There are 2 protein chains.
Amino acid sequence: MIAHETLKSQIIKALWQLIIEGKILPNQPMREVHLAELLNISRTPLREALQQLEWEGIIVSESRKGYRLAQFSENDITEIYPLRARLESFALELSGIPTQKVLDELIEINQKILNTTSSKQIVELDERWHLLLISNCSNERLLKMIKILHRQSQRYEYAYMEMNNTVEKSVTQHENIILHLQNGQLHQAVELFAKNNLVGIDTLINWLNSKSK
Amino acid sequence: MIAHETLKSQIIKALWQLIIEGKILPNQPMREVHLAELLNISRTPLREALQQLEWEGIIVSESRKGYRLAQFSENDITEIYPLRARLESFALELSGIPTQKVLDELIEINQKILNTTSSKQIVELDERWHLLLISNCSNERLLKMIKILHRQSQRYEYAYMEMNNTVEKSVTQHENIILHLQNGQLHQAVELFAKNNLVGIDTLINWLNSKSK
DNA sequence: CTTTTGCACATTGTATACAATATACAAATT
DNA sequence: AATTTGTATATTGTATACAATGTGCAAAAG
């Protein structure tokens with residue numbers, strides 16, 4: 001049986017690509033006819049996709065004025081990362097100590113992060129690492145919220161690395177978390193995981209402030 | 001200047017009313033033409049509203065099979081309430097001790113809860129109380145997530161009270177939380193607030209199990 | 001009698017058409 | 001010259017039309 005991915009979800013992916021590649025700029029109006037022509041689809045499924053991205057906090061809209069990519073702001077960063085830290089910590093609590101198999105995979109991904117120089121891949125691998133760590137969490141709603149926050153933070157990370165050609169690696173922190181999990185110290189791992197989620201904040205805020213000058 | 005509420009948001013409200021009034025039953029297919037005729041609008045904005053409610057976890061859809069109201073399940077309850085507890089606690093932490101003005105209002109709402117017998121109003125007042133308590137929280141994303149979880153839990157509460165003509169009051173717990181806040185004991189209030197959010201779980205699960213027999 | 005196949009119909013998915021509003025610019029007014 | 005007002009155009013909001021897929025039932029095959 002073929003899954004037959006819906007147009008809407010394809011459009012969301014395409015728009016997301018345009019956004020992280022910087023093809024769509026913040027505050028620029030996203031005109032529906034233009035995007036529909038670009039992606040070769042009609043306005044109906046496009047609007048559905050736009051509404052979902054709005055829902056996810058990536059784009060914003062004003063009634064009868066249309067959609068535009070949300071402006072970067074320091075406030076976003078101070079909202080997103082601490083919230084991510086809380087939610088992911090909670091998810092790790094609920095997950096408990098991972099199985100040996102998962103721990104091995106976590107080590108493997110971390111090794112890949114260490115070895116790659118592609119910033120884009122580092123961001124992707126970092127997300128995979130985070131999601132794998134909490135993959136035993138059975139609270140689907142919690143996981144969904146975390147994934148939304150990933151998207152929101154990734155927009156900043158991609159934009160940052162677009163200008164700096166680099167992105168922070170948290171290999172050592174990951175190692176530390178794994179170590180504590182291997183020793184059965186879940187609570188300590190949870191604390192470290194929370195801290196790990198906060199590590200990028202200052203860098204991003206500094207970059208943002210220097211950029212706006 | 002007139003705000004001119006969009007059709008989509010009006011439709012969402014109308015659908016929500018139909019849902020909590022039990023006019024739409026779980027698992028029943030929600031046919032688009034039928035609902036569009038009922039609400040006297042076209043399918044386009046209706047679909048947009050349906051998609052948003054799906055996003056909020058109220059209704060579910062299968063590709064090319066359409067939307068239906070999500071079935072009640074014990075798993076939902078064990079997901080929603082503990083998550084709410086965490087998020088609201090976090091929001092209270094961020095809010096800090098409320099001002100005297102807010103504390104007075106909290107006491108006032110709590111008094112209203114004590115004096116009313118209308119279950120529907122109790123649910124509404126309880127939500128107002130919770131949101132007011134954390135109203136000083138500046139993390140908009142966090143508040144948005146909390147509101148979504150309120151909707152999800154309220155669906156259960158409305159369904160419960162539809163069959164039992166009653167709903168639990170947490171007046172005493174609210175009083176206790178206020179008391180600690182007045183004494184400047186934020187951390188204790190946060191703990192109590194978390195517990196307050198978990199108080200309905202057993203009742204709802206028992207009801208759900210007895211219902212399905 | 002049971003199972004399968006094909007067809008009519010119901011329903012969702014997508015595209016287009018039409019309506020309402022916002023925007024930009026020119027002409028008129030002060 | 002600055003401000004306002006009117007009008008053409010661009011753009012979003014909503015409705016309708018068409019396409020693709022799913023569903024149910026009857027007739028045929030075994």
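Computed from heavy atoms alone, side chains included, the values below leave out hydrogens, waters and symmetry copies. None of the values given here were measured: they were computed from a predicted structure. Naming convention: chains lettered A, B, ... in sequence-line order (proteins, then strands); numbering from 1 in each chain.
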Please write out each protein N/O paired with an N/O of nucleotides 7-9 of chain D under 3.5 Å, distance rounded to 0.1 Å.
none

Mutual orientation of the aromatic rings belonging to W207(B) and Y160(B) [parallel < 30°, tilted 30-60°, perpendicular > 60°]: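 The rings of W207(B) and Y160(B) stand perpendicular, inter-plane angle above 60°.
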Using the ring-ring contact (aromatic ring centres under 6.0 Å, His included) criterion, which residues pair with [X]? Sequence neighbours excluded.
X       : result
F193(A) : H130(A)
Y81(A)  : none
Y158(A) : none

Rounded to whole Å, please give me the gap between [atom1] in [X] and [atom2] in [N].
X      : N       : atom1 : atom2 : answer
R68(A) : dT11(D) : CZ    : P     : 16 Å
E62(A) : dT11(D) : CD    : P     : 16 Å
R64(A) : dT21(C) : CZ    : C1'   : 5 Å
E32(B) : dT11(C) : CD    : C1'   : 8 Å

Pairwise side-chain contact, M161(B) with I122(B), heavy-atom cut-off 4.5 Å (strictly under):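 The answer is no; the side chains never approach within 4.5 Å.
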E32(B): partners by side chain to side chain donor-acceptor pair (under 3.5 Å), with sequence neighbours left out: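 If we apply the side chain to side chain donor-acceptor pair (under 3.5 Å) test to E32(B), skipping adjacent residues, the hits are R43(B), R47(B).
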Contacts of type side chain to side chain donor-acceptor pair (under 3.5 Å), residue Y156(B), not counting sequence neighbours: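 So Y156(B) forms a side chain to side chain donor-acceptor pair (under 3.5 Å) with D76(B).
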Pair listing, salt bridge (charged side-chain N to carboxylate O under 4.0 Å, His left out) test, anchored in residues 143-167 of chain A, at least two apart: E56(A)-R151(A)
Residues within residues 37-60 of chain B bordering DNA chain D, heavy-atom distance below 4.0 Å: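 Within this stretch, I41(B), S42(B), R43(B), T44(B), P45(B) sit under 4.0 Å of the strand.
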Contact state string [nucleotides 5-10 of chain C, B base, S sugar-phosphate only, - no protein heavy atom under 4.0 Å]: ------
Pair listing, ring-ring contact (aromatic ring centres under 6.0 Å, His included) test, anchored in residues 99-118 of chain A, at least two apart: none
Pair K101(B) + E105(B), salt bridge at N-O below 4.0 Å: yes
Salt-bridge contact R141(A)-E79(B) (side-chain N to carboxylate O under 4.0 Å):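 A salt bridge is present here (some side-chain N lies under 4.0 Å from a carboxylate O).
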side-chain N/O K65(B) vs dG13(C) OP1/OP2, d < 4.0 Å: no
Helical bend (five base pairs per end, nearest 10°) for the helix from dC1(C)-dG30(D) to dT30(C)-dA1(D):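 The angle, to the nearest 10 degrees, is 0°.
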Residues which pass salt bridge (charged side-chain N to carboxylate O under 4.0 Å, His left out) with E108(A), listed by chain and number, not counting sequence neighbours: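 Applying salt bridge (charged side-chain N to carboxylate O under 4.0 Å, His left out) to E108(A) gives none.
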Main-chain N/O of Q173(A) paired to S170(A) side chain as donor or acceptor, under 3.5 Å: no
